[in-house]
Number of protein chains: 2
Amino acid sequence: MIVDTGWHKRFRGQGYRLTIPREAILHVLSNTEEHLSAEDIYMVVHQKYPAIGLTTVYRTLDILVQMGVVFKFDFGDGRSRYELTEHFSRKKHHHHLICTMCSRIIDYTDFIDDELELLDRTKKTLSKKHNFQITGHMMQFYGLCEKCKT
Amino acid sequence: MIVDTGWHKRFRGQGYRLTIPREAILHVLSNTEEHLSAEDIYMVVHQKYPAIGLTTVYRTLDILVQMGVVFKFDFGDGRSRYELTEHFSRKKHHHHLICTMCSRIIDYTDFIDDELELLDRTKKTLSKKHNFQITGHMMQFYGLCEKCKT
DNA sequence: ATTATTATTGATAATGGTTATCAATATTAT
DNA sequence: ATAATATTGATAACCATTATCAATAATAAT
């Protein structure tokens with residue numbers, strides 16, 4: 001039994017169905033502060049619904065990315081990470097600081113207004129200049145965290 | 001026989017040796033305008049030196065990344081791309097516009113000065129605030145290119 | 001030079017995250 | 001109900017990247 005939270009309509013609008021696995025995955029993404037990989041999500045979901053398989057997690061994430069609900073990140077450690085996009089998350093717009101040694105990730109929001117202003121300006125110019133329809137951006141810093149600096 | 005171009009010293013300084021495969025790989029990276037994957041590089045190198053294997057290409061790229069000579073990018077199509085870092089490239093500092101449909105990549109330099117100023121400011125603040133030693137950054141836009149917009 | 005030490009190499013196999021396959025099942029439309 | 005369609009999970013396949021390891025090359029020591 002599925003409670004219609006608006007997600008139902010959103011899925012139907014794209015020709016998809018809102019199923020229990022999909023709802024469970026959305027629930028995990030909505031209630032985390034972390035940067036989860038597909039397997040991370042699988043493990044959480046699996047506790048409550050042992051029947052849900054890893055394949056379904058991957059498939060659902062693909063759909064959510066395609067729907068613009070989720071953004072797929074690569075932090076360079078060989079697995080993708082998934083976060084709800086700004087519009088669907090309670091987290092504020094932020095970027096990432098990534099430790100290349102231990103893969104620790106810190107969210108930051110410093111200068112975020114300046115950033116957004118610049119990103120917006122750049123986005124406008126680039127769309128026109130290259131006839132590109134820009135759907136997202138990514139910005140991150142790499143380095144060594146406190147612990148890994150030695 | 002290896003011509004000492006400064007690379008030799010640079011390698012020795014880190015305990016490495018400048019060999020023919022390494023020189024060949026550097027040569028490819030120095031003479032391309034594209035965003036080559038390990039296999040792309042392998043194929044070019046292989047034409048002149050059929051003995052050089054793919055493993056060596058990967059290994060060399062790792063070393064170059066670790067030396068700060070090369071930056072490793074992920075454009076979301078399942079393979080990494082490698083570019084000489086600003087200091088070693090004749091290309092100007094730039095960022096990327098990536099088509100999520102066909103993986104076409106466009107370099108852009110619009111507002112690059114504003115960007116650099118902001119990046120620098122952010123970098124300074126973040127290093128202090130989180131005691132992070134920042135070594136690099138990445139910024140890119142995603143979207144649909146002219147051809148893929150339909 | 002000759003030899004000892006150390007770094008590098010390439011072929012091959014292994015790894016591991018992600019995808020394709022496909023028959024079974026659940027959902028929606030008729 | 002029944003037909004049409006979407007979703008599922010188990011399994012196998014895929015494929016970029018890494019680990020292994022004996023052979024070879026480059027450097028240092030004698």
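Remember, it's a predicted structure, so these values are computed and weren't measured experimentally. In what follows, chains are A, B, ... by sequence order, proteins preceding strands, each numbered from 1. Atom set for the values below is all heavy atoms of this structure, side chains included, hydrogens, waters and symmetry mates excluded.
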K.L.:
Looking only at N and O atoms, is any donor in the side chain of A/R22 or the base of D/dT7 less than 3.5 Å from an acceptor on the other one?
P.N.:
no

K.L.:
Give the rounded distance in Å between these two atoms: CG of A/D74 and P of D/dA16.
P.N.:
15 Å

K.L.:
For A/R79 and C/dG16, give me the distance from atom CZ to atom P, rounded to whole Å.
P.N.:
10 Å

K.L.:
Specify the separation, in whole Å, of atom CD1 of B/I63 and atom P of C/dA7.
P.N.:
12 Å

K.L.:
What is the distance, to the nearest angstrom, from the CE atom on A/M67 to the P atom on D/dA6?
P.N.:
15 Å

K.L.:
Same hydrophobic cluster for B/F75 and B/M101, using side-chain heavy-atom links shorter than 4.5 Å among ILVMFWY?
P.N.:
no

K.L.:
How about A/F73 and A/H35: are their ring centroids closer than 6.0 Å?
P.N.:
no

K.L.:
Taking CG from B/L61 and P from C/dT9, how many angstroms apart are they, rounded to a whole number?
P.N.:
12 Å

K.L.:
Of all the choices, D/dG9, D/dT18, C/dT9, which nucleotide is nearest to the side chain of B/R59 once you look at every atom?
P.N.:
C/dT9

K.L.:
CD1 of B/I25 versus C1' of C/dT9: gap in Å, rounded?
P.N.:
11 Å

K.L.:
Taking only side-chain N and O atoms of A/R17, does any of them lie within less than 4.0 angstrom of OP1 or OP2 on D/dT7?
P.N.:
no

K.L.:
So does A/D114 pair up with B/R121, basic N to acidic O under 4.0 Å?
P.N.:
yes

K.L.:
Output the single nucleotide from C/dT19, C/dT18, C/dC22 whose closest atom is nearest the side chain of A/D62.
P.N.:
C/dT19

K.L.:
Which atom names give the shortest non-hydrogen contact between A/S103 and A/D77, and what distance separates them?
P.N.:
OG-CB, 3.6 Å

K.L.:
Taking the six-membered ring of A/F11 as reference, does the NZ or CZ atom of A/R22 fall below 6.0 Å from its centre and within a 45° cone about the axis?
P.N.:
no

K.L.:
Kindly say if A/T19 contacts the phosphate of D/dT8, meaning a side-chain N or O under 4.0 Å from OP1 or OP2.
P.N.:
yes

K.L.:
Using the ring of each side chain (for Trp, its six-membered ring), is B/H93 parallel, tilted or perpendicular to B/H137, with breaks at 30° and 60°?
P.N.:
tilted

K.L.:
Roughly, in whole Å, what's the span from CZ in A/R12 to P in D/dT5?
P.N.:
13 Å

K.L.:
Give a yes or no on whether the backbone of A/V69 and the side-chain of A/T85 come within a donor-acceptor separation of less than 3.5 Å.
P.N.:
yes

K.L.:
Could you identify which residues of residues 36-58 of chain B place a heavy atom less than 4.0 Å from some atom of DNA chain C, listed by residue number, or say none?
P.N.:
B/A51, B/I52, B/G53, B/T55, B/T56

K.L.:
Output the rounded distance in Å from CZ (A/F11) to P (C/dT28).
P.N.:
13 Å

